[in-house]
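What follows is a single structure, written as structure tokens, with notes after it.
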Number of protein chains: 2
Amino acid sequence: MGYDGLMRWQPDARGRLEEAAFALYSERGFDQTTVAEIADRAGLTERTFFRYFADKREVLFSGSDLLKTGFADAVAQAPSSAAPIDAVFAGLQAVAGFFEGRREFARRRRGIIAVNPELQERELIKMASLKDAVAAALRQHGVTEPAASLAAEAGVAVFHVAFERWTDQADEEKLLPFIRETMTQLKAVTAGA
Amino acid sequence: MGYDGLMRWQPDARGRLEEAAFALYSERGFDQTTVAEIADRAGLTERTFFRYFADKREVLFSGSDLLKTGFADAVAQAPSSAAPIDAVFAGLQAVAGFFEGRREFARRRRGIIAVNPELQERELIKMASLKDAVAAALRQHGVTEPAASLAAEAGVAVFHVAFERWTDQADEEKLLPFIRETMTQLKAVTAGA
DNA sequence: AAACGCTATGACAGCCACTGACATCAGTCT
DNA sequence: AGACTGATGTCAGTGGCTGTCATAGCGTTT
């Protein structure tokens with residue numbers, strides 16, 4: 001039999017909270033949404049929200065762990081003969097796969113984050129964490145510092161720039177070509193003089 | 001005659017708040033310090049703290065505006081014949097001057113920030129803002145996107161890595177040599193393959 | 001010098017993010 | 001049935017941050 005209005009013990013509390021937050025942040029904006037409202041919409045309480053997410057921002061970043069491990073694992077599994085920049089590129093290819101078919105979602109999520117400094121801060125620290133993971137994977141490959149950190153910085157910079165250009169596009173296209181082109185241009189820039 | 005205990009209308013309220021915050025964050029850590037305590041130590045009230053600083057973190061970042069304009073102005077004033085990466089390097093030289101003789105302060109400040117994720121987030125968004133300013137200066141130079149953004153990312157990455165290595169050093173040395181070396185290594189890494 | 005006005009600060013009330021402690025509910029095991 | 005476990009609810013409290021109004025110091029005007 002169905003549950004009577006009460007949602008307690010309904011499945012996927014975490015997912016419901018994510019959806020509710022995403023919807024409310026879209027409709028009214030992050031600042032104009034309270035955690036109590038998110039919890040209500042998900043049929044839960046504020047306290048439960050904070051059991052699943054460390055804070056009000058984190059609910060938008062549940063995918064970043066997968067992105068991080070996907071990127072770093074691909075770097076770690078690159079042939080050991082590969083130059084650092086090529087190992088990083090292998091990671092970027094994995095990232096491109098990660099976003100396959102999710103451009104519209106990525107676009108709306110970016111819209112929410114773009115208008116709020118607090119959310120931008122969170123996004124930046126996720127990027128920094130991604131960078132650290134990539135650097136660690138490179139070191140595991142025998143790349144020494146500071147080359148590992150710099151190659152990781154370069155890789156994440158390429159991802160960031162390419163990702164923005166991809167979501168700015170009107171048409172549904174693949175992310176990978178943007179990554180390729182951005183990487184080429186980074187090489188051109190740093191080779192200057 | 002001197003003032004009797006009350007500090008109202010004592011000069012440099014802002015500076016006193018900065019010093020008090022820096023001291024307390026050092027002694028007990030950021031989380032264990034309340035804004036009321038900072039204000040007390042500065043002889044002011046909590047409300048006044050928030051008139052000078054947007055939030056509890058911002059009090060540690062008052063210098064970042066000077067750093068940003070110093071970096072960006074130097075980029076903008078580089079000879080128009082200079083390649084993007086060389087204009088960026090001119091900016092980095094200005095940054096090195098900015099930190100002249102402030103290594104110990106930079107070191108302690110970094111210690112406060114290093115142990116607190118919220119402060120790291122704030123530092124990261126300041127870096128991003130710095131990057132944006134540098135990119136804008138490059139565009140003003142006629143550099144097109146995405147080269148401007150990428151060169152700016154590269155420049156800020158070099159600053160970041162060099163700065164960390166400089167503050168890790170035990171001896172008081174100049175920042176500029178670290179910047180030179182880091183820049184060289186970035187070029188080597190991105191030239192790979 | 002008295003009145004005026006301007007700005008920095010204080011005082012107070014309130015919202016909301018976030019936390020700790022304990023109660024309660026649903027399903028499982030025995 | 002009764003005990004056990006894990007997810008959720010309830011409640012009280014802390015602290016960051018804001019809006020609003022009162023007040024203190026200081027210069028200016030008349």
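Just so it is clear: chains get the letters A, B, ... in the order the sequence lines come, proteins before strands, and each one is counted from 1. All values derive from a computational prediction rather than experimental measurement.
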To the nearest angstrom, the CZ-P distance between F30(A) and dC16(C) comes to 14 Å
Using a 4.0 Å heavy-atom cut-off, does Y52(B) contact any base of the nucleic acid, only the sugar-phosphate backbone, or nothing at all? sugar-phosphate
Exactly one candidate in V88(B), L92(B), I85(B), T184(B) meets side-chain contact (heavy atoms from CB on, under 4.5 Å) with V158(B); the answer is L92(B)
To the nearest angstrom, the CD-P distance between E58(A) and dA17(C) comes to 16 Å
From NZ of K56(B) across to C1' of dC18(C) the rounded distance in Å is 13 Å
Rounded to whole Å, CZ of F53(A) lies from P of dT19(C) at a distance of 14 Å
Nearest heavy-atom approach of L176(B) to Q93(B) is CD1-CG, 4.0 Å
Closest of dC16(C), dG10(C), dC17(D) to the T45(B) side chain is dG10(C)
Of R51(A) and E46(A), the one whose closest nucleotide on DNA chain C sits nearer the 5' end is E46(A)
Rounded to whole Å, the CZ-C1' distance (F50(A) to dT8(D)) equals 15 Å
Taken to the nearest whole Å, CD/Q10(B) to P/dT7(C) is 22 Å
>> Distance criterion of 3.5 Å, no angle test: do you see the side chain of R57(B) paired donor-to-acceptor with the base of dG16(D)?
In response: no
To the nearest angstrom, the CG-P distance between D55(A) and dT14(D) comes to 22 Å
Checklist entry - Do R47(A) side-chain and dG20(C) base share a donor-acceptor contact under 3.5 Å? => result yes
> Does R109(A) count as lying over the ring of F61(A), i.e. NZ or CZ under 6.0 Å from the six-ring centre, within 45 degrees of the axis?
Replying inline: yes
All heavy atoms of W166(A) vs all of E173(A), minimum pair found to be NE1-O, 2.6 Å
Please determine whether a side-chain nitrogen or oxygen atom of T34(A) lies at a distance below 4.0 Å from atom OP1 or OP2 of dC15(C). no
- Query: With sugar-phosphate meaning primed atoms plus P, OP1 and OP2, does A13(A) contact a base, only sugar-phosphate, or nothing at under 4.0 Å between heavy atoms?
  - Reply: sugar-phosphate
Donor on one side chain, acceptor on other, S149(A) and E145(A), under 3.5 Å: yes
L44(A) CG to dA26(C) C1', in whole Å, measures 15 Å
